[in-house]
Amino acid sequence: MKEDINITLPDGTKTTHPKGVTGNEIASSIGPGLAKAALSIKVNGELYDLTRPILEDTKIEILTDKNEESKSLIWHSTSHVMAQAVQELFPGTKVTLGPSIADGFYYDFDTEKPFTTDDLEKIEAKMTEIISGDHAFTRKTIQRDDAIKMFKEKGEDYKLEILSEIKDDTVSIYTQNDWTDLCRGPHVPSTSAIKSFKLLKIAGSYWRGDEKRQQLQRIYGTSYHNPKELEQHLKRLEEAKLRDHRKIGKELELFAFHDIAPGSPFWLPNGMILIRELEKYLREKLDDAGYVEASTPMLVKKSLWEKSGHWDYYRDSMFIVDEGEEVYALKPMNCPESTYIYSAKTRSYRDLPIRIAEIGRLHRNEVSGALGGLFRVRQFTMDDAHIYLLPSQITEEVSGCMKLVTEFYSTFGFEPKYFFATKPDKALGDPDLWVKAEVALKSALDSQNIDYELKEKDGAFYGPKIDIQVKDAIGRSWQLATIQLDFVLPERFELNFIDEHDKKQRPVMIHRAIFGSFERFIGVLIEHFSGNFPTWLAPVQAVVIPISEKHLEYATIVYESLINTGVRVNLDSRSEKMGAKIRESENMKIPYMLVVGEKEIENSTVSVRKHLAGDQGQKPLEEFIKEIREEITERRLNNLN
RNA sequence: GCCCAUGUAGCUCAGUCGGCAGAGCGCGUCCUUGGUAAGGACGAGGUCACCGGUUCAAAUCCGGUCGUGGGCUCCA
């Protein structure tokens, strides 16, 4: 006789089922509607196939397409269908890995001939055919040795490599429509759960992500149970494209790239305004936070890089200038040179912490395939700072850095998220100092009640760090700021200070950046704001639009009063119709358009039109000036995004 | 760096089978003087990324170089 097991439903209801009951059976016992909608079952927190027997007392949850988690099942299942389609269409193709990812799935194939865009259509057609067959995904547990035999017969070398790494005696395989893959699962019950899918792109990849190993062909796709969701997903991709900083940067004349300097932006006057405003804001903040500013040479002898260790580990990414007698290199980082500012004179413990900021232009010879718009460049400007301090000052100083970062980000509407990375296996520096520093960093986080994620062993070899990510207006995360402790550089450059007993001691060093690089940060800002910058950042803050030539005189008065109060304003005196001028100003995303005609001259007013918000009506000129000045000075967000 | 795609006017892009280089926007000149997202006419503007090959003939086909875009760390 079969024994019974107790199943607890999410609402707390307890039911009894025979041992070996499946998710399908439980769902049916609850209701036919649920049985039909069910995609998977969560057993003690682990996802199971609906056909997999449950063997012990447990809490369960039946998942339908309403649950986010079930999406990854659909994606993963679709990747199997795609792999089947590919192998049917292109015999001889070997399968490798095909996981679900953030918004879909991919599968990597080893194939003689790379796929083309036309192939994608063929593969999609074949997949549609397979899916319409309503084939069940069936799980089978088999002996590892049997699996090895099976995949050997199929010539699936990559699966054999995976099998050789699995230590269990048994492995699971999944079959749909006579096509079988080694897979941990779980899967949706049947291909019919895949209601809509799309293959998105073909890309190259490497087996195990290792460029020294076999080059593979990767196909990305996504799929949904609800066709509407696919539509929404594709729409989101379109929207992200509209925000692309490369597109907006061109339209708003912020920067340009030229073949003559791959990976290095040419900053156009409008983009330069962004840089200047950010620098200005940064410097205000740094002054308040007790920083001093320095500037170090861009081109230095290689002996510096030998001393810092970069020559051994970083040389491939450095631009080297060999002018005959001496080899120089363009600095890829500011830190080694910063130590020369510190050691320019004897430091007392009373002087610490010393906070040295540097807006430093750096060059890194990134491989050509890594470049991308402002996000990955060869020349960039870092908002760097190096803080020299006593070990006992770590908590307070790191707290200060985090406060600075948080304040900074709030100005842009970014929510920071913190990551605490601890000592990696390969680490240099005094182990005692590592322990103390990690405790100090943790207490800095705790003292400010900051939620953070622990990234164990993810610190730099020279010290633990706190990384800070922000989420932008459409929910994407960006890693921008970092606060890193360094025990190695002070050692290498023999930095010291005189302590209260007149003894030389070694300081600790903090590297910190708030927005990382101006280039990347501006790229993120462009996409975050969709180019609709808050007024304080907008390259042109207002444009005066006279209705006709008759109003040009008054328009000039308006224009000059704004100029005189420091507003970046244009006067559009062309003989165009007002509608055309407004259209162009809207396209250039200028925050304020000031229309002036007969009525405005009579009343000494301006008609204010706000970007994306439309006509705001008349307002005395003085009032408008006061308001825009306030908005700019307070660096207010405009909430247009 | 590697795989795929791609490069035509300042910008966005057409260019079929290899047969005289195109459009819209922008720019210049002139006309027009207007009330909240494009007024009109005329005109200038090209080493079809670069180098080589095939051909009577190349933007178009082939090879190479350079640039750009996507991907190459989401673990059966």
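Naming convention: chains lettered A, B, ... in sequence-line order (proteins, then strands); numbering from 1 in each chain. Predicted model, so just to flag it, every value in this text is computed and none were measured.
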Of all the choices, [options], which nucleotide is nearest to the side chain of [X] once you look at every atom?
| X | options | result |
| --- | --- | --- |
| Ser607(A) | rG70(B), rU68(B), rG35(B) | rG35(B) |
| Lys201(A) | rA38(B), rG70(B), rG35(B) | rG70(B) |
| Ile547(A) | rC75(B), rG35(B), rA37(B) | rG35(B) |
| Lys550(A) | rC74(B), rU33(B), rC2(B) | rU33(B) |
| Leu97(A) | rC75(B), rG26(B), rC3(B) | rC75(B) |
| Glu549(A) | rC75(B), rG35(B), rU33(B) | rU33(B) |

Aromatic ring proximity Phe90(A)/Phe109(A), centre distance under 6.0 Å: no
Close aromatic pair by centroid cut-off 6.0 Å: Tyr592(A) and Phe624(A): yes
Find the distance [X]:[atom1] to [N]:[atom2] and express it as a whole number of Å.
| X | N | atom1 | atom2 | answer |
| --- | --- | --- | --- | --- |
| Leu200(A) | rA5(B) | CG | C1' | 15 Å |
| Ile601(A) | rG34(B) | CD1 | P | 12 Å |
| Ile590(A) | rA37(B) | CD1 | C1' | 13 Å |
| Met588(A) | rC11(B) | CE | C1' | 12 Å |
| Asp110(A) | rC2(B) | CG | P | 19 Å |
| His80(A) | rC75(B) | NE2 | P | 14 Å |
| Leu216(A) | rG70(B) | CG | C1' | 17 Å |
| Asp108(A) | rG71(B) | CG | C1' | 10 Å |

Within-4.5 Å side-chain heavy-atom neighbours: Asp181(A) and Lys159(A): yes
With sugar-phosphate meaning primed atoms plus P, OP1 and OP2, does [X] contact a base, only sugar-phosphate, or nothing at under 4.0 Å between heavy atoms?
| X | answer |
| --- | --- |
| Ser548(A) | base |
| Ile173(A) | nothing |
| Gln214(A) | nothing |
| Gly373(A) | sugar-phosphate |
| Gly597(A) | base |
| Asn587(A) | base |
| Arg218(A) | sugar-phosphate |
| Tyr220(A) | sugar-phosphate |

Under a 3.5 Å cut-off for both contacts, is [N] paired Watson-Crick or G-U wobble with anything, and if yes, with which nucleotide?
| N | value |
| --- | --- |
| rG22(B) | rC13(B) |
| rG7(B) | rC66(B) |
| rA59(B) | none |
| rU29(B) | rA41(B) |
| rC74(B) | none |

Sorted by number, the residues of residues 250-274 of chain A with heavy-atom contact under 4.0 Å to RNA chain B: Lys250(A), Asp259(A), Pro262(A), Gly263(A)
RNA chain B-proximal residues of residues 572-582 of chain A, any heavy atom under 4.0 Å: Ser575(A), Glu576(A), Lys577(A), Met578(A), Gly579(A), Ala580(A), Ile582(A)
For Asp157(A), the option from Lys152(A), Arg213(A), Lys94(A) that meets salt bridge (Lys or Arg N to Asp or Glu O under 4.0 Å): Lys94(A)
Cation over ring face, Arg218(A) and Tyr106(A), 6.0 Å, 45°: yes
NZ or CZ of Lys426(A) within 45° of Phe461(A) ring axis and under 6.0 Å: no
Pair of N/O donor and acceptor under 3.5 Å linking rC2(B) base with Tyr206(A) side chain: yes
Check: rG26(B) base within 3.5 Å donor-acceptor of Glu584(A) side chain: no
Side chain to side chain contact (heavy atoms under 4.5 Å, CB included), paired with Val81(A), selected from Ile130(A), Ile123(A), Val86(A): Ile130(A)
Side chain to side chain contact (heavy atoms under 4.5 Å, CB included), paired with Leu182(A), selected from Leu160(A), Ile162(A), Ile148(A): Ile162(A)
Any Arg246(A) side-chain nitrogen or oxygen under 4.0 Å from OP1 or OP2 of rG70(B): yes
Tyr106(A) vs rC74(B): side-chain N/O to OP1/OP2 distance below 4.0 Å: yes
Member of His80(A), Gln84(A), Gln87(A) meeting the side chain to side chain donor-acceptor pair (under 3.5 Å) criterion with Trp179(A): Gln87(A)
Distance-only side-chain donor-acceptor flag, Ser77(A) / His187(A), under 3.5 Å: yes
Distance-only donor-acceptor check, side chains Glu600(A) and Ser607(A), under 3.5 Å: yes
Using the [atom1] atom in both, what is the distance from [N] to [M], to the nearest Å?
| N | M | atom1 | value |
| --- | --- | --- | --- |
| rA9(B) | rG71(B) | P | 26 Å |
| rC20(B) | rG26(B) | P | 30 Å |
| rU60(B) | rG19(B) | C1' | 11 Å |
| rA23(B) | rC62(B) | P | 28 Å |
| rA59(B) | rG53(B) | P | 15 Å |
| rG45(B) | rG70(B) | P | 36 Å |
| rG18(B) | rC61(B) | C1' | 8 Å |
| rU36(B) | rU29(B) | P | 28 Å |

Nearest-nucleotide comparison on RNA chain B, the residue closer to the 5′ end among Pro114(A) and Arg583(A): Pro114(A)
Side-chain ion pair, Arg246(A) and Asp244(A), N-O less than 4.0 Å: yes
NZ/NE/NH1/NH2 to OD/OE distance under 4.0 Å, Lys71(A) and Glu229(A): yes
